[in-house]
Amino acid sequence: MMLLFSLSVLLPRKKFIFHYKNVRWARGRNETYLCFVVKRRVGPDSLTFDFGHLRNRNGCHVEMLFLRYLGALCPGLYSITWFCSWSPCANCSIRLAQFLSQMPNLRLRIFVSRLYFCDMEDSRERDGLRMLKKAGVQITVMTYKDFFYCWQTFVARKQSNFKAWDELHQNSVRLARKLHRILQPFETEDLRDAFKLLGL
DNA sequence: ATTTTCAAT
């Protein structure tokens with residue numbers, strides 16, 4: 001299992017750009033990519049233990065594939081950082097939160113390029129993200145420096161430098177604000193209750 | 001102005 005991931009080749013440039021582009025209308029992104037770095041705490045310092053990328057397959061969301069990999073790690077303290085083209089769906093968030101509650105030796109940071117089905121106020125995906133935050137996961141929208149880092153680390157770039165697409169920054173800021181609003185402790189239910197109390 | 005989404009055909 002471990003070997004499989006270590007052998008994963010670098011992402012082709014076009015693939016990375018297409019799937020990680022943080023455009024508002026992500027037409028045709030019917031796949032999700034997950035680039036990861038796993039660091040292992042050894043004494044006072046942490047060493048890179050593994051890195052690579054994954055894609056959803058056979059109807060299995062990429063987060064669940066990665067969970068299978070994490071379950072096979074040898075005992076120890078790990079910091080995991082992943083960069084996903086979509087944020088997790090509601091079910092994956094639930095499964096992830098459950099998994100992490102049983103694995104206190106794991107620290108997870110999730111960077112996302114785009115937010116998956118988060119437009120509706122009452123979407124289950126929004127609940128899922130809040131659940132992850134509660135479970136101690138740090139969720140962040142990718143910025144230029146994150147795309148740059150991914151390009152350097154996971155892409156077969158052949159000396160080429162990362163070139164930002166139009167509106168990378170604006171899109172990132174917009175999505176970060178949206179995520180921030182989603183992760184606010186106040187849920188719509190609370191607000192509705194508050195309005196009801198006020199007779200509105 | 002409107003557009004999409006870990007496909008389904």
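Lettering follows sequence order; numbering is per chain, from 1.
When the C1' atom of dC6(B) is taken as reference, atom CG of Leu67(A) falls 15 Å away, rounded to whole Å. Note: NE2 (His19(A)) to P (dT4(B)) measures 17 Å, nearest angstrom. The distance from atom CG of Leu175(A) to atom C1' of dT4(B) is 13 Å, rounded to the nearest whole Å. Spacing between atom CG of Asn58(A) and atom C1' of dA7(B) amounts to 14 Å, rounded to whole angstrom units. Rounded to a whole Å, the CG atom of Leu34(A) is 11 Å from the C1' atom of dC6(B). Rounded to whole angstrom, the span from the NE2 atom of His53(A) across to the P atom of dC6(B) amounts to 18 Å. Distance CH2 (Trp86(A)) to P (dC6(B)): 7 Å, rounded to an integer number of Å. dT5(B) atom P lies 7 Å from atom CZ of Arg27(A), rounded to whole Å.
The base of dT3(B) sits within donor-acceptor range of the side chain of Trp25(A), with an N or O pair under 3.5 Å.
Between Trp82(A) and Phe66(A), the gap from one ring centroid to the other is short of 6.0 Å.
Comparing dT4(B) with dA8(B), their C1' atoms are spaced 16 Å from each other, to the whole Å. Between dT5(B) and dT9(B), the distance separating the two P atoms is 14 Å to the nearest Å.
For the pair Asn30(A) and dA8(B), the criterion of a side-chain N or O lying under 4.0 Å from OP1 or OP2 is not met. At dC6(B), one or more side-chain N or O atoms of Tyr116(A) fall inside 4.0 Å of OP1 or OP2 (strictly under the cut-off). Look at Asn56(A) and you'll find a side-chain N or O under 4.0 angstrom from OP1 or OP2 of dA7(B).
We find that the ring of Phe117(A) and the base of dT5(B) stack, their centres lying under 5.5 angstrom apart and their planes tilted less than 30°.
Taking the six-membered ring for Trp and thresholds of 30 and 60 degrees, Tyr144(A) and Phe162(A) have ring planes inclined between 30 and 60 degrees apart.
Judged by the 6.0 Å distance and 45° axis criteria, Arg41(A) is not positioned over the aromatic ring of Tyr78(A).
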query: Which is it for Thr143(A) and Tyr149(A) under the side chain to side chain contact (heavy atoms under 4.5 Å, CB included) test, yes or no, and what are the steps along the way?
result: CA-CA 10 Å; Thr143(A) 64; Tyr149(A) 172 79; over 6 Å; no

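When heavy atoms are screened at a 4.0 angstrom cut-off, Ser87(A) is found touching base atoms of the nucleic acid.
Taking 4.5 Å as the limit, every side-chain heavy atom of Tyr116(A) sits out of range of all side-chain heavy atoms of Arg114(A).
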